[in-house]
Amino acid sequence: MKYWPSGYYVESTYQDNSRFHMAAVNKDGLYSTVEILLMDEPQTVLLDNEYSDYYRISFGSNDALWTCHESGNNILTWADQNVLYQVTTAASLNEAIYIAENIEMG
């Protein structure tokens, strides 16, 4: 990850053969997370569809689902070939997009 919103620091990281998860938190206890799933095999992804509004958006060359949760969290979900990405943050949609644009696969 090349970018987290100002005041956020990495709290935890998890990785296995098909999943990567990184969580960052700020001094107010608000989280931003990045999830990356390899879709070589069938995967189940759960979306909280209560108290949420959904929108189709584009950023860069990506078409994404933007979930605006009543808690104030912004969630971006998109796929690129066989990789599914999800950014969840209490920060603004613009910050969520900037986090997404700065994910580095390596």
Side-chain angles (χ1 to χ4, degrees):
M1 288 298 306
K2 294 187 334 185
Y3 176 81
W4 290 109
S6 179
Y8 282 76
Y9 63 91
V10 174
E11 181 182 70
S12 63
T13 303
Y14 172 81
Q15 183 173 352
D16 63 22
N17 290 337
S18 64
R19 179 175 174 241
F20 173 82
H21 170 89
M22 182 178 283
V25 64
N26 70 11
K27 64 179 177 57
D28 297 322
L30 299 175
Y31 280 85
S32 291
T33 63
V34 171
E35 298 272 351
I36 302 171
L37 299 171
L38 298 179
M39 298 185 300
D40 291 336
E41 299 178 12
Q43 297 275 351
T44 300
V45 178
L46 302 176
L47 295 175
D48 180 0
N49 63 357
E50 289 186 323
Y51 316 110
S52 299
D53 294 315
Y54 298 92
Y55 307 92
R56 291 183 70 155
I57 67 167
S58 296
F59 64 92
S61 62
N62 301 297
D63 291 323
L65 175 67
W66 167 36
T67 306
C68 185
H69 192 267
E70 100 174 346
S71 66
N73 281 343
N74 289 296
I75 305 165
L76 291 179
T77 307
W78 73 100
D80 184 8
Q81 296 182 23
N82 69 331
V83 181
L84 180 71
Y85 299 88
Q86 186 172 69
V87 171
T88 303
T89 184
S92 70
L93 173 60
N94 287 338
E95 290 279 25
I97 291 170
Y98 199 66
I99 292 168
E101 290 174 335
N102 283 280
I103 293 173
E104 287 186 338
M105 298 293 287

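Atom OH in Y14 sits 15.5 Å away from atom OG1 in T33 (nearest 0.5 Å). Once rounded to the nearest 0.5 Å, the distance linking CG of D63 with CG of D80 reads 11.0 Å. Taken to the nearest 0.5 Å, the NE2 atom of H21 stands 12.5 Å off from the CD atom of Q15. Atom OG of S18 and atom CG of L84 lie 11.5 Å apart (nearest 0.5 Å). For the atom pair OH (Y55) and OG1 (T67), the distance works out to 10.0 Å, reported to the nearest 0.5 Å. To the nearest 0.5 Å, atom OH of residue Y98 and atom CZ of residue F59 are 13.5 Å apart.
Note: H69 and Y51 have perpendicular aromatic rings, judged against thresholds of 30 and 60 degrees for the angle between ring planes.
Shown here for M39 and Q81, the closest heavy-atom pair between the two residues is CE-O, 3.9 Å. Here the closest heavy-atom approach between residue E101 and residue G60 is recorded as OE2-N, 4.3 Å.
Taking 4.5 Å as the limit, every side-chain heavy atom of L76 sits out of range of all side-chain heavy atoms of I99. Using a 4.5 Å cut-off on side-chain heavy atoms (C-beta onward), S32 and T88 make no contact. Taking the side chain as every heavy atom from C-beta outward, V83 and L38 approach each other to under 4.5 Å. Two residues are said to be in side-chain contact when any heavy atoms from C-beta on lie closer than 4.5 Å; V87 and W78 meet this criterion. In this structure the side chain of Y85 never reaches within 4.5 angstrom of the side chain of V34, judged on heavy atoms. Between W4 and M22 the shortest side-chain heavy-atom distance falls below 4.5 Å.
When the side chains of ILVMFWY residues are joined at heavy-atom separations under 4.5 Å, either directly or via intervening members, V25 and L30 end up in two distinct hydrophobic clusters.
Remark: the backbone N or O of D28 is paired with a side-chain donor or acceptor of N26 at under 3.5 angstrom. A donor-acceptor pair under 3.5 Å is formed between the side chain of N74 and the backbone N or O of A91.
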Can you list the steps and then say if E11 with Y31 is a side-chain hydrogen bond (donor to acceptor under 3.5 Å, both in side chains)? CA-CA 9 Å; E11 181 182 70; Y31 280 85; 2.8 Å; yes
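For CZ of F20, the number of neighbouring non-hydrogen atoms (other residues, nucleotides, ligands) closer than 6.0 Å is greater than 12.
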